[in-house]
Amino acid sequence: MSAIDSLPPLRAVIATHGLSARKSLGQNFLLDLNLTAKIARQAGDLTGCDVLEIGPGPGGLTRGLLAEGARRVVVIEKDSRCLPALQDIAAAYPGRLDILQGDALDIDPLAHLARPIRVAANLPYNVGTELLVRWLTPDDWPPFWQSLTLMFQREVAERIVARPGSKAYGRLAILAQWRAEARIVMSLPPDAFTPPPKVSSAVVHLTALEQPRFPADAKVLSRVVAAAFNQRRKMLRAALKGVAPDIEDRLLAAGLKPTDRAETVPLEGFCALAREISAG
Ligand code: SAM
């Protein structure tokens with residue numbers, strides 16, 4: 001393992017600060033600084049950018065982001081045991097690391113960040129998915145972030161980049177691909193983590209588009225897609241019965257067949273349907 005800074009190796013950091021991994025916090029740490037530097041590089045050119053990192057843990061990815069030249073890194077970590085390790089990193093990069101302690105689902109970090117902003121995280125997948133949906137569904141677009149570089153279970157990553165007709169295609173694919181360019185940029189086996197999780201992981205990189213690929217209201221589109229895939233085996237006319245009155249007419253007006261199933265409908269079709277429903 002080569003040094004990316006003058007700080008101790010991550011195994012020593014874990015030992016010094018007693019950071020035994022807690023399952024309840026989804027703690028599977030990345031302890032190879034070469035690997036965390038590689039993930040940080042997937043986030044793009046960080047010079048001149050602020051980076052928001054969620055769930056830094058002992059700080060492997062944080063160190064990669066700082067070493068890659070981020071102007072400032074703002075981290076949100078729920079586990080207070082990690083704070084001393086993060087404070088050591090802040091001391092090694094004076095004025096460039098802000099540490100916020102708490103639940104990322106409750107904290108708004110925007111007051112601490114200046115644009116352009118990139119986001120990077122290796123999070124428990126349920127928190128990651130919830131945050132991803134929030135970041136993809138603000139009322140206004142473009143969002144506060146330029147890119148998101150996020151670690152997920154491989155199966156979740158595949159759902160984000162899935163195409164119509166595949167088993168993985170659903171709400172996440174539509175929300176991600178409507179307003180962003182989404183790619184899997186790295187795959188990681190379980191043994192890249194300490195302790196190793198049961199499944200493989202992948203890093204997804206999303207770049208915000210200047211404007212959505214097709215016009216639609218974010219809330220209406222989210223509602224339509226959630227209902228359509230909630231009962232993905234059903235025909236659209238049945239799955240969407242509760243979403244709007246005279247749904248068959250609206251499906252036809254949007255160029256869709258009421259007998260189609262959600263998994264065959266492309267993004268453009270869902271956006272057309274959302275516009276028909278918004279039209280009232
Ligand atoms: N980024 C570190 C790494 O790559 O080694 C740690 C990754 S570990 C998978 C997930 C981290 O997210 C843990 O440090 C955990 O304490 C933190 N975490 C879990 N839930 C969180 C939440 N709701 N808000 C902020 N941090 C959270």
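Atoms within a ligand are numbered from 1 in the order they appear, just like the ligands themselves.
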In terms of side-chain heavy atoms, does R154 have a donor or acceptor partner in S187 at a distance below 3.5 Å?
yes
Using a 3.5 Å distance criterion without hydrogens, assess whether the side chain of R179 forms a donor-acceptor pair with backbone atoms of A218.
no
Salt-bridge contact E181-R213 (side-chain N to carboxylate O under 4.0 Å):
yes
Relative to each other, are the rings of F144 and W135 parallel, tilted or perpendicular (30° and 60° limits)?
perpendicular
Do we see a donor-acceptor contact under 3.5 Å between the side chains of S80 and Q101?
no
Note: D79-R81 ion pair, threshold 4.0 Å (strictly below)
yes
At a 4.0 angstrom heavy-atom cut-off, ligand 1 is contacted by L25, G26, Q27, N28, F29, L30, E53, G55, P56, G57, I76, E77, K78, D79, G102, D103, A104, N122, L123, P124, V127
